[in-house]
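Data block below; observations after.
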Amino acid sequence: MSKSNFTRRGMLKTSAVAGGALAMPTIFDGSVWADGHTGFLNAPTGDTVTLGFNVPQSGPYADEGADELRAYELAVEHLNGGGDGGMMSTFSSKALQGNGILGKKVEYVTGDTQTKSDAARASAKSMIEKDGAIMITGGSSSGVAVAVQALCQEAGVIFMAGLTHSNDTTGKDKKANGFRHFFNSYMSGAALAPVLAANYGTDRKAYHLTADYNWGYTTEEAVRSSTEALGWETVNAVKTPLTQTDFSSYIAPVLQSGADVLVLNHYGGNMVNSLTNAVQFGLRDKLVNDKNFEIVVPLYSRLMAKGAGANVKGIFGSTNWHWSLTDEGSQAFVKSFGTKYGFPPSQAAHTCYVQALLYADAVERAGSFNPCAVVEALEGFEFDGMGNGKTLYRADDHQCFKDVLVVKGKENPTSEFDLLEIVEVTPVDQVTYAPDHPQMRDGNGNAVAVGTCNPGA
């Protein structure tokens with residue numbers, strides 16, 4: 001749980017003294033502190049408030065970024081009272097009224113993360129310094145999320161993470177100003193392993209190909225830990241560059257390893273290419289150790305399934321959300337998104353849309369844009385009506401906990417969007433872990449606290 005002296009009752013007192021009592025953040029110059037300063041960075045002074053949408057508009061995760069941006073634009077429309085309101089009507093909190101945020105019309109600026117940490121930090125910094133963004137959200141890479149979250153903590157604005165699945169984001173790299181709605185690697189491993197054991201047995205030899213950055217590392221660790229606990233043996237684990245497009249040279253050694261399962265810890269275009277190469281090498285037609293050779297994709301998305309085509313049929317994975325969910329909130333979002341864009345949203349779109357509404361709702365409930373007030377409003381917040389059932393923003397690490405979906409590539413899809421089927425809804429209790437779980441600790445094995453909120457003043 002973060003440390004904060006902020007309370008709604010103390011807000012006026014805090015605002016009155018903060019300008020003279022607190023130090024200016026190092027990355028901003030004095031021009032930020034104009035008239036109307038109310039004790040926190042980029043305090044809105046007019047009738048509008050600016051949000052910063054930082055998504056990959058180029059690079060291997062650009063498809064997810066495009067869908068994230070569509071979702072943010074839909075969220076802004078709903079917050080400002082346009083459209084059908086989407087999930088605002090199903091959200092258990094009723095603080096949002098369709099009149100912006102605290103009566104201020106919502107505007108936004110965008111940046112291109114390029115799926116590169118340096119580029120993502122630069123675009124976020126520009127949105128904060130030049131555009132006055134009060135909150136940064138988005139991204140489709142855990143490396144980007146960790147980097148931008150640290151920047152937002154330093155600057156003193158809220159970061160509502162987009163698609164980031166690494167344990168690190170709310171594990172060893174957690175920050176008081178950062179919040180994640182998306183699930184993580186530990187949860188994928190915990191949800192997937194029982195399904196894999198039930199379908200493939202407990203006597204298996206696994207070979208991992210892993211994207212060479214922190215998401216890949218924690219996903220490999222989580223799946224290895226969960227499957228090895230069930231009896232699987234890990235025969236090899238090989239790192240692959242994020243920029244790799246042809247995985248042929250990595251697939252060939254799998255055939256000589258004695259493995260009978262290939263785990264692809266790849267996402268986006270990387271997964272599309274590595275799975276395609278694996279199928280082209282005939283792995284799915286092999287019989288090894290008297291067992292059918294199997295492939296597992298720990299983190300799935302509909303956009304990836306579309307890219308991989310028929311290669312995904314019968315392959316298990318996990319996902320944060322899927323448009324086929326029948327709960328009222330999910331269907332409201334699918335209807336709004338489909339009406340506006342002509343196709344169903346991805347999980348990336350869903351989590352970004354929800355993050356935008358959760359931020360706005362927290363500001364409304366806090367009665368302030370002050371980041372420390374928003375932190376207090378989000379910590380320990382329980383809600384429903386946004387898909388995946390009841391959800392908790394845990395105060396200890398700012399990680400959301402909700403049911404996790406295990407999916408499988410559909411054998412007989414009925415459309416270009418009907419590519420994954422839900423085979424298991426894993427209850428939240430089965431994917432919940434202690435805040436100081438070993439997979440969440442730093443390189444020395446130490447537990448990391450969420451720290452103290454920074455209002456940027």
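The figures here come from the full heavy-atom set of this structure, side chains too, leaving out hydrogens, waters and symmetry mates.
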Fill in the blank from the handout: Interatomic distance, CG@N184 vs SG@C400, rounded to 0.5 Å, equals 11.0 Å
Handout entry: Euclidean distance, N177 CG relative to C152 SG, rounded to 0.5 Å
Key = 7.5 Å
Problem - Plane angle bin for W215 and Y267 - parallel if under 30°, tilted between 30 and 60°, otherwise perpendicular - result: perpendicular
Completion exercise
Closest non-hydrogen atoms of Q347 and L299, given as atom of the first, atom of the second and distance, are NE2-CD1, 4.1 Å
Practice task
Taking all non-hydrogen atoms of both residues into account, name the closest pair between W321 and V334 and its distance.
Solution key: CH2-CG2, 3.8 Å
Spell out, as yes or no, whether a donor-acceptor pair under 3.5 Å connects the side chain of [X] to the backbone of [Y].
| X | Y | answer |
| --- | --- | --- |
| S123 | G111 | no |
| R180 | L163 | no |
| N270 | L242 | yes |
| S346 | A349 | yes |
| N444 | N446 | no |

Practice task
Test side chain to side chain donor-acceptor pair (under 3.5 Å) on T164 and T169 and set out the steps.
Solution key: CA-CA 7 Å; T164 166; T169 308; 2.7 Å; yes
Distance only, no hydrogens: is a donor on one side chain within 3.5 Å (strictly under) of an acceptor on the other, for [X] and [Y]?
| X | Y | value |
| --- | --- | --- |
| N289 | D260 | yes |
| Y72 | T137 | yes |
| H208 | T210 | no |

Handout entry: cation_pi(R365, F381) dist<6.0 Å, angle<=45
Key = yes
Exercise for the section: Assess R441 against Y433: is NZ or CZ under 6.0 Å from the centre of the six-membered ring, and within 45 degrees of the ring's axis? Expected result: no
Handout entry: Salt-bridge contact E220-K239 (side-chain N to carboxylate O under 4.0 Å)
Key = yes
Exercise for the section: Apply side chain to side chain donor-acceptor pair (under 3.5 Å) to the pair H165 and S142, showing each step before the final yes or no. Expected result: CA-CA 6 Å; H165 185 247; S142 291; over 6 Å; no
For [X], is the [atom1] atom crowded, meaning more than 12 foreign heavy atoms sit under 6.0 Å from it?
| X | atom1 | answer |
| --- | --- | --- |
| D118 | CG | no |
| D203 | CG | no |
| E328 | CD | no |
| K116 | NZ | no |

Exercise for the section: Please name all residues satisfying ring pair (Phe, Tyr, Trp, His ring centres under 6.0 Å) with Y217, sequence neighbours left out, ordered by chain then number. Expected result: none
Problem - Residue pair T170, H398: steps toward the side chain to side chain donor-acceptor pair (under 3.5 Å) verdict - result: CA-CA 7 Å; T170 49; H398 298 183; over 6 Å; no
Practice task
Given side chain to side chain donor-acceptor pair (under 3.5 Å), test S330 with D327 step by step and report yes or no.
Solution key: CA-CA 6 Å; S330 294; D327 65 275; 2.6 Å; yes
Exercise for the section: Could you name each residue pair satisfying side-chain hydrogen bond (donor to acceptor under 3.5 Å, both in side chains) that touches residues 87-96, not counting sequence neighbours? Expected result: S93-D361
Handout entry: Partner of V195 under side chain to side chain contact (heavy atoms under 4.5 Å, CB included), chosen from V296, V407, T426, V406
Key = V406
Problem - Single hit among D384, L392, N320 for side chain to side chain contact (heavy atoms under 4.5 Å, CB included) with K402 - result: N320
Handout entry: Criterion salt bridge (charged side-chain N to carboxylate O under 4.0 Å, His left out) on E233 and K205, from CA distance to verdict
Key = CA-CA 5 Å; E233 176 188 352; K205 298 181 185 299; 2.8 Å; yes
Exercise for the section: Indicate yes or no: at least one non-hydrogen side-chain atom of Q244 is less than 4.5 angstrom from one of Y250. Expected result: yes
